[in-house]
Amino acid sequence: MPGQTAQEFWNNKVAGLPRVSGDIGSTFASLKGKVEQLDDALGLDMPLAAIEGALQEFEAVHQGLTSTRVNSGLKSLFEMLDRRARFPFVPRDAFLAIGQARYATKTPPGFKDSAPWLGDFFVWADFLLGLASVTSPRQGLVVMVTEDRKSDWEVRGHVHPILAGEVKALTGCRFQLWTVEQLRELVEST
């Protein structure tokens, strides 16, 4: 797993999502309190009861968003990955100029990212470093699982030829991008 991917997963999911979940819970509590205040002040049971009902229904349906279960589930997933995966990181200082040059010349991946962010480039550089450490890829195929479908990764449904060429030069293998759904289907079929 590219080190940049692990870092972004941690920042956006493990560390960031519980904060958002807590915000949702606090917002619900505040909104419920405001509705109760308005109900008490105006004596309008009918419309406000409907609002309270909608809030209760949302809380029931989305309870997982406001519980610590979200945090513990994501931490468990990250701990499992930490036990089973490698997390290569290219030296950021040494690769920064390369990433900036690729971005400026619209060389994939990452030229669709907002400047000066080079997240996709570092995902790719870390991915290639990980591939370089594998002695023999299986089946003559290298796969990256991603939900990113911007034109700096794919062109008309096919992996960008520059990326395919870089993987071929490094490993001698074909390169494909799969979605999480494609990976899930493969796992379920075997």
Side-chain angles (χ1 to χ4, degrees), residues 1-28 58-96 99 108-110 112-114 117-150 152-154 157 159-160 163-164 166-168 170-190:
M1 173 182 270
Q4 181 71 28
T5 302
Q7 183 66 48
E8 290 181 21
F9 178 82
W10 182 266
N11 290 347
N12 297 328
K13 303 293 186 202
V14 178
L17 193 56
R19 183 176 57 248
V20 172
S21 298
D23 289 348
I24 290 171
S26 297
T27 301
F28 267 112
F58 186 89
E59 283 179 314
V61 170
H62 297 91
Q63 184 175 3
L65 289 177
T66 58
S67 73
T68 56
R69 191 175 46 182
V70 171
N71 195 22
S72 64
L74 288 172
K75 280 188 177 178
S76 295
L77 174 61
F78 197 85
E79 288 167 358
M80 183 274 304
L81 288 171
D82 190 38
R83 286 191 306 273
R84 297 174 186 243
R86 296 179 194 168
F87 299 96
F89 280 95
V90 297
R92 293 325 194 228
D93 290 344
F95 280 73
L96 183 60
K112 289 291 188 178
D113 287 353
S114 300
W117 181 241
L118 296 174
D120 283 1
F121 165 74
F122 283 116
V123 166
W124 184 244
D126 293 345
F127 180 74
L128 292 178
L129 178 61
L131 283 179
S133 70
V134 175
T135 54
S136 60
R138 298 178 186 155
Q139 308 292 323
L141 177 66
V142 171
V143 174
M144 175 184 267
V145 178
T146 180
E147 295 299 319
D148 198 336
R149 292 294 179 250
K150 295 188 305 276
D152 57 349
W153 288 99
E154 284 188 335
V159 70
H160 197 290
L163 304 178
E166 288 177 347
V167 169
K168 183 79 167 176
L170 182 65
T171 67
C173 297
R174 293 177 301 116
F175 177 60
Q176 293 180 355
L177 294 171
W178 290 1
T179 63
V180 172
E181 180 63 21
Q182 288 171 305
L183 178 62
R184 185 188 64 74
E185 288 172 4
L186 177 71
V187 169
E188 287 179 356
S189 71
T190 56

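Note that the coordinates shown come from a computational prediction; the quantities given were computed from them, not determined experimentally.
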Student: When the ring planes of W124 and W153 are compared, do they come out parallel, tilted or perpendicular, using 30° and 60° as the limits?
Tutor: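 Taking W153 first and then W124, their aromatic rings stand perpendicular (interplane angle over 60°).
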Student: Of T5, T146, V142, which meets side chain to side chain contact (heavy atoms under 4.5 Å, CB included) against F127?
Tutor: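 Going through the options one by one, the only one that passes is V142.
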Student: Where do Q4 and R92 land on the side chain to side chain contact (heavy atoms under 4.5 Å, CB included) test, with the steps shown first?
Tutor: CA-CA 10 Å; Q4 181 71 28; R92 293 325 194 228; 3.0 Å; yes
Student: Which atom names give the shortest non-hydrogen contact between E147 and E181, and what distance separates them?
Tutor: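 Here E147 and E181 meet closest at OE2-N, 4.3 Å.
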Student: Quick check: does any side chain N or O of T171 sit under 3.5 Å from a backbone N or O of K168, one acting as donor and the other as acceptor?
Tutor: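 The answer is no, because no donor-acceptor pair under 3.5 Å joins these two groups.
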Student: Does D152 reach the side chain of H160, with side-chain heavy atoms less than 4.5 Å apart?
Tutor: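 They are not in side-chain contact.
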Student: Work out which heavy atom in G130 is nearest to a heavy atom in S133; give both atom names and the distance.
Tutor: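 Closest pair (atom of G130, atom of S133, distance): O-OG, 2.7 Å.
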Student: Pair D126, R86 - check salt bridge (charged side-chain N to carboxylate O under 4.0 Å, His left out), show working.
Tutor: CA-CA 10 Å; D126 293 345; R86 296 179 194 168; over 6 Å; no
Student: Indicate yes or no: does K150 engage D113 in a salt bridge with an N to O separation below 4.0 Å.
Tutor: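 So K150 pairs with D113 through a salt bridge.
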Student: Exactly one of V167, V159, V145, L141 should register a side chain to side chain contact (heavy atoms under 4.5 Å, CB included) with Q176. Which one does?
Tutor: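 Passing option: L141.
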Student: Passes side chain to side chain contact (heavy atoms under 4.5 Å, CB included), M144 versus V123? Steps please.
Tutor: CA-CA 10 Å; M144 175 184 267; V123 166; 4.0 Å; yes
Student: Begin from the C-alpha positions of F95 and L118 and carry the test side chain to side chain contact (heavy atoms under 4.5 Å, CB included) through to its verdict.
Tutor: CA-CA 10 Å; F95 280 73; L118 296 174; over 6 Å; no
Student: Looking at T179, is its backbone amide N or carbonyl O close enough to the side chain of Q182 to form a donor-acceptor pair, meaning the two atoms are under 3.5 Å apart?
Tutor: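 Side chain of Q182 to backbone of T179: a pair is present.
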